[in-house]
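A short worksheet on the structure shown next.
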Amino acid sequence: MGSQPSRAPAVPSRPRSRRRATEPWYHVAKAVALPPLRLWFRLSHEHLERIPRTGPAIIACNHISYLDPLTNGDAVVRAHRRPRFLAKQDLFRIPIIGRALRGAGQIPVSRGSRDRSSLDRAAAALEQGEVIVVYPEGTVTTREDGLPMEGKTGVVRLALRTGVPIIPMVSWGSREVWQKTGRGSLRFGRPIWTSVGDALALPAVPEGGQAELRELTAEVMGAITRSAEDLRDRYPRRWTK
């Protein structure tokens, strides 16, 4: 195939049956989590105007820290949208966190299984005009340089199924804060940067085209990686030590 995903100037318009009410738990989570996040870190968000103010959107992010859902969520909220994350199912089994995730309408993903219910729920949310946030790697990167690993094909399949372009969103600076292993750093005032890329409209894929799905996924991850490299190269060196 070899073709690059084309840039989409706008999300395709389509009729919406109704607007889904925002869950009370979402407002609770936003009120509890975002103020201390904004107070403690120096958050910087670039090109938020590339997130459409209305209508469906798929946002695909790199994953460098367990803090990413908060910083990425803050970016989407500042763009005047409500993020709905695809999150690993294990988080929903944690008593308090799981209740908050379910109550806020987040979507559990069963990794390594053939369960397609998460894609069905994500597609239904997009049909309601919502913003879906996906981490195509499925986990925090284990690369020493912090750049993205290989992505799963789910985000591409969701985009092709719904006709909604993929918007890359990359973060840098949070890796030192919260990782799976090793000591984290809660140094006050740490800069955490987020940048939103141009939307990518994907070409059609023939039915059963697994090779095409993997190639498109690699191209989407390539766009995310290039943006992550740009942030990395501009990020203040003194905060990486």
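Excluded from the calculations below are hydrogen atoms, water molecules and symmetry mates; all remaining heavy atoms, backbone and side chain alike, are included. Source: prediction; values computed, not measured.
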Not counting sequence neighbours, which residues clear side chain to side chain donor-acceptor pair (under 3.5 Å) with Thr217? List them please.
-> none

Pairs of donor and acceptor atoms involving the side chains of residues 166-173, under 3.5 Å and at least two apart or interchain, shall be tabulated with distances.
unit_1 : atom_1 : unit_2 : atom_2 : d
Ser171 : OG     : Asn72  : ND2    : 2.9

Where do Met221 and Glu150 land on the side-chain contact (heavy atoms from CB on, under 4.5 Å) test, with the steps shown first?
-> CA-CA 7 Å; Met221 295 307 297; Glu150 182 179 3; over 6 Å; no

For His45, enumerate each residue passing the ring-ring contact (aromatic ring centres under 6.0 Å, His included) test, keeping only those at least two apart in sequence or located in another chain.
-> none

Got a sec, which residues hit side chain to side chain donor-acceptor pair (under 3.5 Å) with Ser185, two or more places apart in sequence or on another chain?
-> Arg190

For the student: nearest non-hydrogen atoms of Cys61 and Pro136, plus distance = O-CD, 3.2 Å

Arg157: side-chain contact (heavy atoms from CB on, under 4.5 Å) partners, not counting sequence neighbours = Arg116, Leu119, Thr153, Leu213

Can you sort out the partners of Arg50 under salt bridge (charged side-chain N to carboxylate O under 4.0 Å, His left out), two or more places apart, ordered by chain and number?
-> Asp198

Between Arg84 and Ala125, the two heavy atoms sitting closest are CD-CB, 4.0 Å

Steps toward salt bridge (Lys or Arg N to Asp or Glu O under 4.0 Å) verdict (Glu46, Arg234) | CA-CA 13 Å; Glu46 300 177 345; Arg234 293 189 282 123; 3.0 Å; yes

Show the numbers, then the answer: is there a side-chain contact (heavy atoms from CB on, under 4.5 Å) between Trp239 and Arg42?
-> CA-CA 12 Å; Trp239 286 96; Arg42 287 194 290 125; 3.8 Å; yes

Mind checking what makes side-chain contact (heavy atoms from CB on, under 4.5 Å) contact with Asp145, not counting sequence neighbours?
-> Arg143, Leu147

What is the minimum heavy-atom distance between Gly129 and Arg81, and which atoms define it?
-> O-NH2, 2.8 Å

Go through the structure and list residues passing side-chain contact (heavy atoms from CB on, under 4.5 Å) with Arg38, not counting sequence neighbours.
-> Leu34, Leu43, Asp74, Val77, Arg78

Taking side chain as C-beta onward, heavy atoms only, is Ile224 less than 4.5 Å from Pro148?
-> yes

Run the numbers on Ile64 and Val140 for side-chain contact (heavy atoms from CB on, under 4.5 Å), then give the verdict.
-> CA-CA 5 Å; Ile64 58 174; Val140 174; 5.6 Å; no

Which residue pairs pass the ring-ring contact (aromatic ring centres under 6.0 Å, His included) test with at least one member in residues 176-233, sequence neighbours excluded?
-> Trp40-Phe188, Tyr66-Trp178, Trp193-Tyr235

4.5 Å side-chain heavy-atom contact, Pro203 and Leu216 | yes

Would you name the heavy atoms of Ala223 and Leu200 that are closest together and state the gap between them?
-> CB-CD1, 4.0 Å

How far apart are the closest heavy atoms of Pro236 and Pro191, and which atoms are they?
-> CG-CG, 4.3 Å

Could you tell me which residues satisfy side-chain contact (heavy atoms from CB on, under 4.5 Å) with Leu39, sequence neighbours excluded, listed by chain and number?
-> none

CZ (Arg82) and CD (Glu130) are apart, to the nearest 0.5 Å, by 6.0 Å

Atom pair CD1 (Ile132) and CZ (Arg121), whose distance is rounded to the nearest 0.5 Å = 9.5 Å

Applying side-chain contact (heavy atoms from CB on, under 4.5 Å), run through Thr142 and Met149 and close with a yes or a no.
-> CA-CA 8 Å; Thr142 58; Met149 303 183 295; 3.3 Å; yes

Once you round to the nearest 0.5 Å, how far does CG of Leu48 lie from NE2 of His80?
-> 8.5 Å

With Ile107, which of Val134, Leu86, Val133 fulfils side-chain contact (heavy atoms from CB on, under 4.5 Å)?
-> Leu86

Looking at residues at least two apart in the chain, or sitting in another chain, which of them share a side chain to side chain donor-acceptor pair (under 3.5 Å) with Ser174?
-> Asp68

Nearest 0.5 Å please: distance from the CG atom of Leu67 over to the CD atom of Glu176.
-> 11.5 Å

Minimum heavy-atom distance Gly146-Arg175, with the two atoms named | N-NH1, 3.3 Å

Qualifying residues under side chain to side chain donor-acceptor pair (under 3.5 Å), relative to Ser65, sequence neighbours excluded = none

Test: Asp230 and Arg226 ion pair at under 4.0 Å = no

